[in-house]
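Just so you know, these numbers come straight off a predicted model, no measurement behind them. So that the names make sense, note that chain A is the first sequence line, chain B the second, and so on, each numbered from 1.
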Amino acid sequence: MVFTDVTPDPIDVVEVLKRVAAAEDGAVLLFLGVVRNHAEGRSVDGMRYDAYEAMAKGVLAEIAREASERHGTDRIAVVHRVGDLQLGDTSVAIAVSTPHRAAAYAANREIIEEIKKRLPVWKKEHYVDGASEWVEGAAPPVPHRAGGTA
Amino acid sequence: MVFTDVTPDPIDVVEVLKRVAAAEDGAVLLFLGVVRNHAEGRSVDGMRYDAYEAMAKGVLAEIAREASERHGTDRIAVVHRVGDLQLGDTSVAIAVSTPHRAAAYAANREIIEEIKKRLPVWKKEHYVDGASEWVEGAAPPVPHRAGGTA
Amino acid sequence: MAIAVRTLFFAAYRDLVGAAEIPVDLPEGSTVGDLVASLRERGHPFSSLPPAPAVAVNRTYAGPEERLAGGDEVAFIPPVAGG
Amino acid sequence: MAIAVRTLFFAAYRDLVGAAEIPVDLPEGSTVGDLVASLRERGHPFSSLPPAPAVAVNRTYAGPEERLAGGDEVAFIPPVAGG
């Protein structure tokens, strides 16, 4: 079953992996995004993740569902953390399990790329020198024509 | 530090992940090969992995070293298990940690592909009907010309 | 007839306008684009919002031609940086 | 002058020849290809080995022209299936 969440709680990697275990699968791929100590040449000592949480939960579920349909597996778990993170903390975990490995790599990669493109989450880097800045992001794809009727 | 091993011991995924953690890295990719319950339409209930262990340890180290050089990270850990495995057991774990995600995906995938091409390991599937068979493998690439002198 | 919508601001846009949520009244039939223009016409600090920001209406990305209805939740979405 | 090498067999090849290791004497100057040919000439079951199997000499893949020396460990490597 596809599982997704946006949460302030620390991510338990073992639990995420357990969610995708299935007897018919021979390949599991886990991606972890981790807060690192540098960004564009500056030393970082922490990161704040903000989200439009109600929307982010829906978008993350949609991203996982799309990958599920495209790659024929419902053994997908994606958890994105929000709030104040320390160096080394996991900000996102993506686990995909499939019978054969090619689909696991492809689906996993697509999910992180879609997250970067359209998940309404922002991060503020805290630098060792005391400054902090919103990380430059990507403009999400927006429909050109209105879908709704008045 | 690049770490590789070929071992009869169960693979501890958390330990493998810990080996690649590094403050400068923002992306960790973990691949797990898992014994699944089917193969080419037959129901499987176990798998025996045999290795030319002394050579396999060297080849696995070489595969990891090549990926390390090609992708500029020494945060690589690869463990391949041998012996009798049950359904759901992890046969191989590949962890790669890099500053940015593209290198982690690429290095991780290259390592599993090289393992499939040239690691001297063989597996015998045990089927639910009681039969068992060596899994058809890949002919490893062999040098065309002798390198040594007599 | 006027409609009342809730506008939400996040991250850099929240810092810019100095508020997380602002109620806005608009003429009936207004679109997302009309809302953006009307806010920017208020002058500082709203005039610093981009002329065509990403916007979500009721938690779904919406183009500038999308019609708004009373009670809509309209979020201004700065370039995203999850992962 | 003869040289003595150790030949190792794994997986399906081990099942085929019925042994994990067989000592073989060869004329000095023999190559990997010569060793394979000499084994296959012994007839059943060795004649069922492929004419150009993958071979490793002292734990490194080696081509058929590679010269052998006394004490070499020569492994017959069936198609591999790790992972």
> Residue by residue, which of residues 70-83 of chain C have a heavy atom closer than 4.5 Å to a heavy atom belonging to chain A?
Replying inline: C:Glu73, C:Ala75, C:Ile77, C:Pro78, C:Pro79, C:Val80, C:Ala81, C:Gly82, C:Gly83
> Is A:Tyr52 close to C:Leu8 at the side-chain level, that is, under 4.5 Å between some pair of heavy atoms?
Replying inline: yes
>> Are C:Tyr61 and A:Pro143 packed together at the side-chain level, in the sense that at least one heavy-atom pair is separated by less than 4.5 angstrom?
In response: yes
> What residue, out of A:Ala138, A:Ala51, A:Pro141, A:Ala54, has the most heavy-atom pairs lying under 4.5 Å from chain C?
Replying inline: A:Ala138
Quick one: what part of [X] sits under 4.5 Å from any heavy atom of chain C, side chain, backbone, both or neither?
X: A:Ala56; value: neither
X: A:Leu119; value: backbone
X: A:Arg81; value: neither
X: A:Lys124; value: side chain

>> A:Trp122 and ring-ring contact (aromatic ring centres under 6.0 Å, His included): which single residue from C:Phe9, C:Tyr13, C:Phe10 fits?
In response: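 Running ring-ring contact (aromatic ring centres under 6.0 Å, His included) over C:Phe9, C:Tyr13, C:Phe10 with A:Trp122 returns exactly one hit, C:Phe10.
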>> Sub-4.5 Å heavy-atom contacts with chain C: which residues of residues 17-31 of chain A show up?
In response: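 Residues in range: none.
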>> Ignoring hydrogens, what is the shortest heavy-atom contact between A:Met55 and C:Arg59? Give both atom names and the distance.
In response: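 Here A:Met55 and C:Arg59 meet closest at CG-O, 3.4 Å.
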>> For a quick test of reading the model, state the closest non-hydrogen atom pair linking C:Val55 to A:Val142 and the distance between them.
In response: N-CG2, 4.4 Å
>> Report which part of C:Ala62 has an atom under 4.5 Å of a heavy atom belonging to chain A: side chain, backbone, both, or neither.
In response: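 Answer is backbone: N, CA, C or O of C:Ala62 sit under 4.5 Å from chain A.
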